[in-house]
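Below: one structure, written as structure tokens.
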Amino acid sequence: MSRGRLILTNFIGIIVVLALIIGGAYYYYQSQNYVKTDEAKVQADMTQVVAPANGKLTEWNIKEGDEVSKDSVVGKIAGEQSGSVTATNEGTVIQSNTYANQLVQQGQVLAQVADLKSMYITANIEETDLKDIDEGDKVDVVVDGDSGTTYEGRVEKIGYATNSALSTMPSQSTSGNYTKVTQKVAVKISIKNPSDKIKPGMNASVKISL
């Protein structure tokens with residue numbers, strides 16, 4: 001091998017080793033200082049507008065995108081027990097397939113209202129990472145629907161049980177074989193000044209500073 005080729009080979013080898021060292025150091029730094037997950041979603045507190053009685057919906061005064069206030073009258077029903085349809089909480093109408101003169105039944109969902117002014121992130125964090133997380137920790141949030149922006153957040157609440165424990169039908173092993181599975185706990189994270197591009201249900205990724 002010529003001297004020039006030997007020098008080039010050694011140079012490339014040094015570059016590869018340095019890249020591995022830098023990559024390892026970066027990974028170690030990230031793992032020691034942050035908890036990351038892309039198993040997260042945008043959430044908002046939601047309430048339903050329901051029909052208080054059977055009858056004909058003689059008035060329906062809201063549509064998707066409208067703002068409603070708590071206890072505001074959004075419609076009227078004529079029937080054996082006539083009455084007003086009211087919103088139980090303030091927020092934005094995110095779903096309404098209802099129209100005037102429609103026949104409705106007591107308890108029927110007429111619209112969905114969400115508090116879009118106080119949206120938050122629910123992130124599923126592995127149980128092994130929970131010991132390093134505290135309420136108030138700073139969080140960087142990226143939402144898929146507005147991926148070009150990193151939002152500031154804070155850990156607001158750490159769940160009191162794993163997701164599997166809260167399942168209505170938790171899986172149970174009936175055989176003698178047991179496979180240990182890492183459990184996840186829901187962590188509520190605030191999101192500061194979200195843009196109009198962010199909607200409930202969107203996927204997100206979070207990076208929690210330890």
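All residue numbers in this chain count up from 1 along the given sequence.
Using a 4.5 Å heavy-atom cutoff, the side chains of Pro200 and Met119 are in contact. Side chains of Thr98 and Val49 form no contact here, defined as non-hydrogen atoms less than 4.5 Å apart. The shortest distance between side-chain heavy atoms of Asp146 and Tyr151 falls below 4.5 Å. Between Thr37 and Ile125, some side-chain heavy-atom pair lies under the 4.5 Å cut-off. Lys41 is not listed as a side-chain neighbour of Thr122, based on a closest heavy-atom distance of 4.5 Å or more. The shortest distance between side-chain heavy atoms of Thr182 and Glu127 falls below 4.5 Å. With a 4.5 Å cut-off on side-chain heavy atoms, Asp45 and Ser118 do not count as touching.
Here the straight-line distance linking atom OG1 of Thr128 with atom CD of Gln183 works out to 11.0 Å at 0.5 Å rounding. Between atom CD1 of residue Ile191 and atom CD of residue Glu152 there is a gap of 10.5 Å, rounded to the nearest 0.5 Å. Atoms CG and CD, on Leu110 and Gln102 in that order, are 7.0 Å from each other to the nearest 0.5 Å. For the atom pair NZ (Lys207) and OH (Tyr34), the distance works out to 4.5 Å, reported to the nearest 0.5 Å. If you take CD1 on Ile208 and CG on Asp129, they are separated by 8.5 Å, rounding to the nearest 0.5 Å. Separation of atoms NZ (Lys70) and CD (Glu90) is listed at 9.0 Å; rounding is to 0.5 Å.
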Carefully, step by step, assess Ser164 and Thr162 under the rule side-chain hydrogen bond (donor to acceptor under 3.5 Å, both in side chains). CA-CA 5 Å; Ser164 62; Thr162 65; 3.1 Å; yes

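The pair Asp140-Lys138 counts as a salt bridge, with a side-chain nitrogen and a carboxylate oxygen less than 4.0 angstrom apart.
Of the possible donor and acceptor atoms, none in the side chain of Glu59 sits under 3.5 Å from a partner among the backbone N and O of Lys76. Panel note: side chain Ser190, backbone Arg154; a donor-acceptor pair is recorded below 3.5 Å. Side chain of Asp115 to backbone of Gly91: no donor-acceptor contact under 3.5 angstrom is found. Although no hydrogens or angles enter the test, the distance criterion places a donor-acceptor pair under 3.5 Å between the side chain of Glu64 and the main chain of Ser96.
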